[in-house]
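The structure appears right after this line, and notes come after that.
Keep in mind that what you see is a predicted model, and the values were worked out from it rather than measured. In each ligand, atom 1 is the first atom listed, and ligand 1 is the first ligand listed. Atom set for the values below is all heavy atoms of this structure, side chains included, hydrogens, waters and symmetry mates excluded.
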Amino acid sequence: MSPIRLAGRVAEVQPSATAALDAQAKALIAAGVDVINLTSGEPAFPTVEPAAAAAVEAIAEGFTRYTPAAGIPELRAAVADHLNRHGTAYEPSTVVVTAGAKQALHHAFTALLEPGDEVLIPAPYWVSYPHLASLAGGTLAPVHPAPDAGLKVTPDQLAAAVTDRTRVLLLNSPANPSGVVYSRAELAALAQVAVDHDLTIISDEICDHWVFGDAEFTSVAALSPDIAERTLTIGAVSKTFAMTGWRIGWVAGPASVAQAVTALQSHTASAPSSIAQKAAFGALTANLTTELEHRRQALDERRRTTIKALADIPGIEVGGDPEGAFFLLADVSGTYGRRTQAGSTITSAADFAELLLAQSNVAVVPGADFAAPNHVRISYTVPPDRLAEALTRVADFVAGLAVGPA
Ligand code: PLP
């Protein structure tokens, strides 16, 4: 036992459940077990080619030194253009480039929260939000959807949860983990709660590209000038361009916030990687419309396959309408009380995930850390043949469960 005493704020932080399950699945795969990993938080596509080419060129040219703290000017401009496709009016000077959306969120919370401040958030929500908020001294105040509301919350529910400590409304549409996409009208009504109660909005729009069916992506800061002046938009190249490992994201918002975040970043990271910034610039400025649309359609196909297969499994129900991102939540509470072939009884979604992995070699993430305790999160990004095999294994696993006392 080391004599080193950790600070309280860090001792509380647990590794993310997604990362833990992903690591467990990868360890089994490395040991030669035929595990199908449906825990992943990234599309299974290669990084877009212009990003890689730009990075190679950056290295060859010796572009390997510190950059300005807020990012290289051409990338800030490219991000502003990228965001403004959705109707916002960002200037390059109001964009700060960060090491992924995660660091952008960390900077945003650190810049905004005083100890004890509350962050209002529709549940279910992404696992890292509570930890990011608490590291900055705040706490998450989840607002839970009504049972038959399709995993969406209403403005009245949000308004009822506002206290005198509420400082931020955190929105994330398309949502991780549910894949739910709020419509423009729904988002406008939720954002209005922030206007009425003088809250800052942080809108995590990292999955803006991954929207399917009739759903449409809406950027919150594009809703109205009243909303834009109190909104910080978070995003990244991570998911859209399959660049999760490159670590480039951004926060865009009013000039005062951009300046504060730049100062924060100058002392904590200096700046994101110079090479990765060039790669992100390469991705954002190349003409990738056809390729990205191809990828979007491929994921939509996998999404439909997954929804259809799960609908046929008695005891499992898809939560809400997963029209975006690349995840969905499956309510597995219908399997509670049933027993596996090895005699274990399922009493929770965590049991379901653990026993499914142990017996059928399919890894999914239990929903407790997403505030979805009866659900498991399924990431449907794996190639179609593996996805089909995984869904067959899930169906067989559930069909093989015994009902009633042993
Ligand atoms: N926000 C959401 C909703 C996410 O799902 C993720 C990654 O899983 C992130 C932010 C972090 O993204 P990045 O890899 O760019 O830090």
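The protein heavy-atom contact nearest to atom 4 (C) of ligand 1 is Trp126 CE2, 3.6 Å. The shortest contact between atom 5 (O) of ligand 1 and any protein heavy atom is with Asn176 ND2, 2.7 Å. For atom 16 (O) of ligand 1, the closest non-hydrogen atom on the protein side is Arg247 NH2, 2.7 Å. Ile206 CD1, 3.1 Å is the protein heavy atom nearest to atom 12 (O) of ligand 1. For atom 15 (O) of ligand 1, the closest non-hydrogen atom on the protein side is Ser238 OG, 2.6 Å.
The residue among Thr98, Asp204, Thr244 with a heavy atom at the shortest distance from atom 1 (N) of ligand 1 is Asp204.
Ring pair Tyr129/Tyr125 is tilted by interplanar angle, where 30° to 60° counts as tilted.
For ligand 1, the atoms sitting less than 4.0 Å from at least one non-hydrogen atom of Gly100 are 15 (O), 16 (O), numbered in the order shown with element in parentheses. Set against the non-hydrogen atoms of Ala236, the atoms of ligand 1 under 4.0 Å away are 15 (O).
At least one heavy atom of Tyr129 lies less than 4.0 angstrom from ligand 1. In this structure, Lys239 is part of the shell of residues with a heavy atom less than 4.0 angstrom from ligand 1.
Residues Phe327 and Thr306 fail the side-chain proximity criterion, which asks for heavy atoms closer than 4.5 Å. Counting heavy atoms from C-beta on, the side chains of Phe326 and Asn176 never come closer than 4.5 Å.
In terms of polar-atom proximity, Gln103 is not counted as a contact of ligand 1, lacking any N or O under 3.5 Å from an N or O of the ligand. Looking at Ala99 next to ligand 1, no N or O pair under 3.5 Å apart turns up.
Ion pairing of Asp198 with Arg230 is present here, as a side-chain N (NZ or NE/NH1/NH2) and a carboxylate O approach within less than 4.0 Å. Taking the charged nitrogens against the carboxylate oxygens, Arg303 and Asp300 do have a contact shorter than 4.0 Å, which makes a salt bridge. A salt bridge links Glu293 with Arg296: the closest approach of a Lys/Arg side-chain nitrogen to an acidic carboxylate oxygen falls below 4.0 angstrom.
For the pair Arg302 and Tyr380, the cation-pi criterion (under 6.0 Å, within 45° of the ring axis) is not fulfilled.
Here the CG-OG1 distance, from Leu310 to Thr305, works out to 10.5 Å after rounding to the nearest 0.5 Å.
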